[in-house]
Student: 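Take this structure first; my questions come after.
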Number of protein chains: 2
Amino acid sequence: MSSTRAKAVPDRRRAILDAAVRVFARQGFHACRVSDIADEAGVAYGLLYHYFPSKEEVLNTLFLERWGVMLEMIREVDRKPVPVREKLAAIASFIVDSYRHDPDLMKVIIVEVTRAANSFGQTHLGQIREAYRMIGEIVTKAQQEGVFKADIDAEFAAMTFYGAIEQVLTGWIFGLLPQGEDDLERAKQMVVETVCGGLEVGPGTLPA
Amino acid sequence: MSSTRAKAVPDRRRAILDAAVRVFARQGFHACRVSDIADEAGVAYGLLYHYFPSKEEVLNTLFLERWGVMLEMIREVDRKPVPVREKLAAIASFIVDSYRHDPDLMKVIIVEVTRAANSFGQTHLGQIREAYRMIGEIVTKAQQEGVFKADIDAEFAAMTFYGAIEQVLTGWIFGLLPQGEDDLERAKQMVVETVCGGLEVGPGTLPA
DNA sequence: TGGCTTATTGACTGACCAGTCAATCCATCC
DNA sequence: GGATGGATTGACTGGTCAGTCAATAAGCCA
C-alpha cells in the first residue's frame with residue numbers, strides 16, 4: 001500500500017532498527033542509551049516505544065530477522081543433493097557474505113547475541129542450537145555416506161566448523177585479521193578446506 | 001609471612017575474587033550487583049573497594065591471572081622441540097583441563113572477556129591477540145618445516161584452531177554438548193585431529 | 001597501656017537511564 | 001470541516017546501583 005509510491009511515508013520502524021544496528025555496533029548494547037538510538041534514527045525518544053516494547057526487543061528483532069534467513073538457507077542447502085564439502089562451503093559463503101554486506105549487523109549478532117550466551121544468548125539458545133543441529137545433521141549424513149570419518153561426534157564437528165567461522169569473523173570485526181576482498185574469499189575456502197580435510201576419510205588419515 | 005601459619009588470617013581479597021567467579025558465572029558481569037559479590041564472599045560491601053578500585057577491576061584481575069598462565073604455557077610449549085601436532089595438542093589440553101578444573105572461571109573468561117570484545121575484550125585485546133600471535137607462529141614454523149601446507153595464512157589457521165576449541169567450551173558451558181570425563185578427553189583429540197588433518201601436507205590433500 | 005595503621009562495616013548519595021504518559025500533530029474519511 | 005485514530009514528541013518518574021565515607025574493630029609495635 002504505502003510502498004507503492006516512491007518516497008512515501010518514511011518507515012520509522014525500519015529507521016529505528018537500522019540506527020540500532022549502528023549504535024549497538026559502535027557502543028555495544030549495554031553501553032548505549034535508548035536516546036542514542038533515537039538520536040541516530042532522527043526520531044523522538046518515545047517513538048521507539050511506539051514500535052517496540054523495550055530496548056531489548058529491538059535487539060531481539062534484529063537477531064531473529066537475520067538468524068531466520070540463515071536457518072532457512074541452511075535448510076535449503078541441506079535438501080540439495082550435493083557433496084558435503086559443497087554444503088559446508090555454501091554455509092561458510094553465506095556467513096562471510098553476510099558480513100561483507102553488513103558488517104555492523106553481523107558484529108551485533110555475534111558480539112551481543114551469539115557469543116553473549118548469558119543475557120541474550122540464553123533467550124535465543126533454541127534458535128542458535130537449531131543451526132548447530134542442522135550442521136550436525138549434514139555431518140552425520142556425510143558419515144553415513146562414508147565421506148567423513150565415523151568416529152567423530154557430529155555435534156562436536158558442527159561446533160568446530162561453526163566456531164572456526166565465527167572466530168574468523170570476530171578477527172575481522174576487531175581488526176585482528178586482514179579483510180580485503182580476496183581475504184574474505186580465501187577465508188571461506190580455507191575454513192572449509194581445513195575442516196573437511198580433517199574430517200574426510202582418506203589416505204591423509206593417520207591411524208593412531 | 002601470614003601464610004606460614006595454617007588457618008591464618010583469612011585472605012579476604014582471595015575470597016572476593018573466588019566469590020566473584022561464582023557470581024559472574026551465575027548472573028553475568030552486567031547483571032550482578034557488587035553487593036551480590038560481597039554477600040557471596042561473606043564480606044561487607046565496602047570491603048570490595050578496599051581491595052579493588054572498581055567492580056570492573058575485579059574482572060580484569062580474574063582474567064589477567066588466568067590468561068597470564070596460559071600465555072606462559074604456550075610460550076613454553078613453543079620452545080620445546082616437538083612436532084606441531086604435539087604442540088597444538090598441549091594447548092588444547094591445557095584449555096580443556098582449565099575448564100575441567102574450574103568451569104566457572106573459564107565461563108567468565110570466555111563469556112565476559114574473550115567473546116565480549118566490546119567492553120572488556122577491548123581492554124584486553126592486546127593480551128588476547130598475543131595468544132593468537134603465538135599460535136600463529138607455531139603454525140608458521142610448521143609451514144617452514146613443510147609439515148603444514150604453505151598456502152594457508154597462519155593467522156587464519158590460528159583463529160580457526162582457537163575458535164574451534166572455544167566453541168566446544170561454549171558448547172559445554174551452555175549445555176549444548178555432553179561433558180563427561182571421556183567427552184572432554186575426546187574433544188581434545190578431535191579438535192587437534194581435525195585441524196591438523198586439514199592443515200597437514202599429505203596424500204589427503206586435494207588439489208583444486 | 002596507648003597510640004598508630006590497616007581491615008572492615010554498611011548506610012548513604014549522586015548519577016544514570018529505561019520506560020511512561022499526556023499532549024500535539026497529521027492523514028484520512030465522511 | 002471536523003471527527004477519528006494512529007504517529008510523534010519529549011519532559012518526567014521511579015528504581016537501581018556503583019562508588020563514597022565516616023565510624024568502628026582488630027592487629028601491632030614500643
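As the structure is a prediction and not an experimental result, all values here were calculated from the model.
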Student: Do B:E185 and B:R100 sit within salt-bridge range, that is, some charged N less than 4.0 Å from a carboxylate O?
Tutor: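 Salt bridge: yes.
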
Student: Restricting to pairs with a member in residues 48-57 of chain B, which pass side-chain hydrogen bond (donor to acceptor under 3.5 Å, both in side chains), not counting sequence neighbours?
Tutor: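 Matches after skipping sequence neighbours: B:E57-B:N60.
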
Student: Quick one: sort the B:W67 and B:Y162 rings into parallel, tilted or perpendicular, breaks at 30° and 60°.
Tutor: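 The arrangement is perpendicular - the two ring planes meet at more than 60°.
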
Student: So with a 6.0 Å cut-off around CZ of A:R186, is the heavy-atom count from everything else above 12?
Tutor: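 At most 12 heavy atoms, drawn from other residues, nucleotides or ligands, come within 6.0 Å of this atom.
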
Student: Side-chain N or O of A:R12 less than 4.0 angstrom from OP1 or OP2 on D:dA7?
Tutor: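 Negative; the distance criterion is not met.
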
Student: Return the 5'-most residue of the pair B:A31, A:R13 with respect to DNA chain D, ranking by each residue's nearest nucleotide.
Tutor: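 Closer to the 5' end of DNA chain D: A:R13.
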
Student: Once you measure the plane-to-plane angle for A:W172 and B:F156, does it fall in the parallel (<30°), tilted (30-60°) or perpendicular (>60°) bin?
Tutor: perpendicular

Student: Output the rounded distance in Å from CG (B:L48) to P (C:dA7).
Tutor: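 These atoms are roughly 14 Å apart.
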
Student: Using a 4.0 Å heavy-atom cut-off, does B:Y51 contact any base of the nucleic acid, only the sugar-phosphate backbone, or nothing at all?
Tutor: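 It contacts sugar-phosphate atoms only.
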
Student: Could you tell me the separation between the CG atom of A:D39 and the C1' atom of D:dT9, rounded to a whole number of Å?
Tutor: 13 Å

Student: Taking atom C1' of C:dA23 as reference, at what distance in whole Å does atom CG of A:L47 sit?
Tutor: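 After rounding, the reported distance stands at 15 Å.
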
Student: Verify the contact: side-chain N or O of A:H50 to OP1 or OP2 of D:dA7, cut-off strictly under 4.0 Å; return yes or no.
Tutor: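 True: A:H50 side-chain N/O within range (under 4.0 Å) of D:dA7 OP1/OP2.
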
Student: Restricting both atoms to N or O, compile the protein contacts to nucleotides 18-22 of chain C shorter than 3.5 Å, with distance only.
Tutor:
unit_1, atom_1, unit_2, atom_2, d
C:dA18, OP1, A:C32, O, 3.4
C:dA18, OP1, A:K55, NZ, 3.3
C:dA18, OP2, A:V34, N, 2.9
C:dA18, N7, A:Y45, OH, 3.3
C:dG19, OP2, A:Y49, OH, 3.1
C:dG19, OP2, A:K55, N, 3.1
C:dG19, N7, A:Y45, OH, 2.5

Student: By ring pair (Phe, Tyr, Trp, His ring centres under 6.0 Å), which residues pair with A:F148, not counting sequence neighbours?
Tutor: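 Not a single residue meets the ring pair (Phe, Tyr, Trp, His ring centres under 6.0 Å) criterion with A:F148.
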
Student: Within this structure, what is the CD1-to-C1' distance between B:I16 and C:dA7, rounded to whole angstrom?
Tutor: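 It is 11 Å, rounded to the nearest whole Å.
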
